[in-house]
Every structure is written in structure tokens, then in C-alpha cells.
Amino acid sequence: MPIAVKKLGENLQRVQEGIAGACAKNRRDVSSVTLVAVTKTADLEDIKNAVELGITELGESRVQHLCDRSQEITDWLGRRRKESPAVHWHMIGHLQRNKVKQALAATSLVHSVDSLRLAEEIDARGAQTNQVVDVLLQVNCSQEEQKFGVAVGASSHLAEQMCTLKNLRLLGLMTMAPLSQNLDQARAAFARLREVFEEMRGERIGGKNFRHLSMGMSHDYTIAIEEGATLIRVGSAIFS
Ligand SMILES: *Cc1c(COP(=O)(O)O)cnc(C)c1O
């Protein structure tokens, strides 16, 4: 069931106020934070309404959803008799190598690269289609076992290797907070990612392109912004 446009508008406004508040607290410009609206639980109708309300960055965690929905939204934008906003899709979930080709056809930024083999597969596909693919390196910054994300200790070496791939452009880092929803633990993970990021910058990894920190979801995005997030991935706070 789609949610009422009014409710969706209120949700978006609340999130935008949250972003503004966290930015003000940390003397950051609101334009330094990009909201990626995560549509994995949303109805197609909700996504269209969000786009009408000004959302341009959309995120999906599964390749099939990413492809289906981006196609449907593109078709819908084409049918509207209005000027179309430029809508971008972010691949935020775990990506299997055999789905790279499909995913790259639909995405503008892959947040979840966490192995050299995956990076090489993306690079090879980029070479075939003559494109340079923007990616983030997913780092596991929480103390707990997580299924995905490279360990902090191995992240700098992997980032360096990724930077040697010609059809890949490393724009920054991504992390998931621990599942516990404990906000202190979330803050610790975000602060850790920021440290890793600063260390890599100190080593000049990624050069000028290296500028993004993708961290923070519905319950902790203000904390993530306080810790330096430039991309926040918010789903349920918008679409429920
Ligand atoms: C689902 C998801 C989100 C959004 O989570 P919410 O708690 O609904 O905001 C963000 N990032 C990733 C990787 C996700 O899978």
C-alpha cells in the first residue's frame, strides 16, 4: 500500500529538518550532505511521489529491484509531460560478481565494494562499456562480525589496489553501523570510518575524487552527519 503523499511529504520534511539541524550543530553547509532515499520497502507509487517532491538520489540494496525500479521510473519520467529531473540510483547492498553487469547498467554509484575480485569485475565491465564506474569501499567498522565490508586493517591496501584500476573511480568509503541500534556504538563506527578516511587522505589515496563518507540510516543519520557523513541512506524514516 502506498503511503499518502501528505505523509510522505511530512516524512521528507522531518528528515530534511534533521539534516539541517545536524549540519547547523556542526557548522556544516546542508549542501555537503546528500540524502539517498532507500526504496527497498517502498511502493513504486511512493518512489514516484518522492521524485515529485524533489528526491533525485534513490538507493536499492538488491540488484533485481534496482534494475526493475530504475527502469520503471525512467519510463514514467519519459511519459510525464514535464521536464524530468535527473534521477540517480545507488547500489547500496552486497553485490555479487555475477550481477555486476546488470547492476552497472542501472547505477551511478556502487556503495558496497568490499573485495578486490569484485572491484576487478567492475573494472572489467567498465572497460567493456567504456565507462569509469564510481564506487565506494565498504569497511566493517563495528566490533561485531559483519557479513560484508573489508576489515579496517585491510582497507588501506585494498583502496590502493582499487585506485590502480583504470575503469573504476574510488570516491570514498561506506560503512554500516552495528545491527544493535545502540547509538553510541553507531557513533563509534562512524567516527572510526572517518579516521580511516582521514588516514587514507593523508596517504593521498584516491586523490581529489576521494571525498565521500556514506554512513547513517533512519535512526542514526544525524549522528552520522555529526561524524562527517556526506551521503546518508535513509529508508524507513521516509517510506513508512
Ligand atoms: C535498508 C538499508 C538502508 C536504509 O535503512 P533504514 O533503516 O530503512 O533507513 C541503508 N543502507 C543499507 C545498506 C540498507 O540495506
Side-chain angles (χ1 to χ4, degrees), residues 1-3 7-8 10-19 21-22 33-44 46-47 49-50 53 55-70 88-96 99-100 103 106-115 118 122 134-142 144-150 155 171-183 185-187 189-190 192-193 212-240:
M1 273 269 292
I3 29 176
K7 175 86 164 62
L8 186 65
E10 286 164 1
N11 287 350
L12 272 173
Q13 196 179 346
R14 202 176 332 103
V15 171
Q16 254 128 20
E17 283 166 8
I19 295 170
V33 178
T34 298
L35 171 63
V36 178
V38 176
T39 56
K40 67 184 179 211
T41 63
D43 244 71
L44 188 60
D46 296 332
I47 306 176
N49 289 333
L53 289 165
I55 289 291
T56 59
E57 307 305 310
L58 297 161
E60 268 294 339
S61 55
R62 289 167 61 189
V63 174
Q64 199 55 52
H65 279 171
L66 177 80
C67 294
D68 294 348
R69 292 171 143 203
S70 62
H88 306 116
W89 288 85
H90 299 242
M91 175 59 197
I92 62 171
H94 179 64
L95 180 56
Q96 287 172 315
K99 302 246 172 84
V100 162
T107 188
S108 67
L109 178 65
V110 180
H111 289 230
S112 47
V113 176
D114 63 356
S115 74
L118 175 58
I122 293 173
D134 288 335
V135 303
L136 304 177
L137 171 58
Q138 181 174 354
V139 183
N140 176 6
C141 290
S142 69
E144 71 186 26
E145 285 273 322
Q146 282 194 0
K147 264 202 282 185
F148 306 116
V150 66
S155 59
L171 299 193
L173 305 177
M174 180 273 225
T175 202
M176 300 274 287
L179 294 173
S180 65
Q181 303 228 345
N182 173 317
L183 293 182
Q185 285 177 15
R187 186 183 293 279
F190 300 152
R192 189 81 186 97
L193 191 70
H212 282 302
L213 282 171
S214 168
M215 53 191 197
M217 319 201 314
S218 287
H219 65 285
D220 55 20
Y221 68 89
T222 57
I223 294 172
I225 292 169
E226 289 173 27
E227 298 300 331
T230 64
L231 291 159
I232 56 172
R233 311 178 307 267
V234 179
S236 49
I238 297 173
F239 294 110
S240 60

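The figures here come from the full heavy-atom set of this structure, side chains too, leaving out hydrogens, waters and symmetry mates. Just follow the structure's listing: the first ligand is 1, and inside any ligand the first atom is 1. Keep in mind that this is a model prediction, so the values were computed, not measured.
- Only the side chain of Met176 comes within contact range of ligand 1, with a heavy atom under 4.0 Å; no backbone atom does.
- Remark: Asp46 pairs with no residue by the salt bridge (Lys or Arg N to Asp or Glu O under 4.0 Å) rule, at least two apart or across chains.
- Polar contact with ligand 1: absent for Ser61 (N/O pair, distance under 3.5 Å).
- Two residues are said to be in side-chain contact when any heavy atoms from C-beta on lie closer than 4.5 Å; His90 and Arg233 fail this criterion.
- The closest side-chain donor-acceptor pair between Ser142 and Asn140 falls under 3.5 angstrom.
- Between Phe239 and Asn11, the closest side-chain pair of non-hydrogen atoms is not below 4.5 Å.
- Under the rule for a ring-ring contact (aromatic ring centres under 6.0 Å, His included), His88 has no partner lying at least two apart in sequence or in another chain.
- Residue Val234 approaches ligand 1 through these ligand atoms, each under 4.0 Å from one of its heavy atoms: 9 (O).
- Protein heavy atom at the shortest distance from atom 5 (O) of ligand 1 is Met217 CE, 3.7 Å.
- Side chains of His212 and Thr230: a donor-acceptor N/O pair is present below 3.5 angstrom, by distance only.
- Heavy-atom contacts of Arg233 reach the following atoms of ligand 1: 4 (C), 9 (O), 10 (C), 11 (N), 12 (C), 13 (C) (cutoff under 4.0 Å).
- Side-chain contact, Thr39 with Glu60: a donor N or O sits under 3.5 Å from an acceptor N or O.
- Polar contact check, Lys40 against ligand 1: a nitrogen or oxygen pair lies under 3.5 Å apart.
- Shortest contact from atom 8 (O) of ligand 1 to any protein heavy atom: Ser236 N, 2.8 Å.
- Checked against a 3.5 angstrom limit, the closest N/O atoms of Ile92 and ligand 1 fall outside it.
- Residue contact check: Ser218 has heavy atoms under 4.0 Å from atoms 6 (P), 7 (O), 8 (O), 9 (O) of ligand 1.
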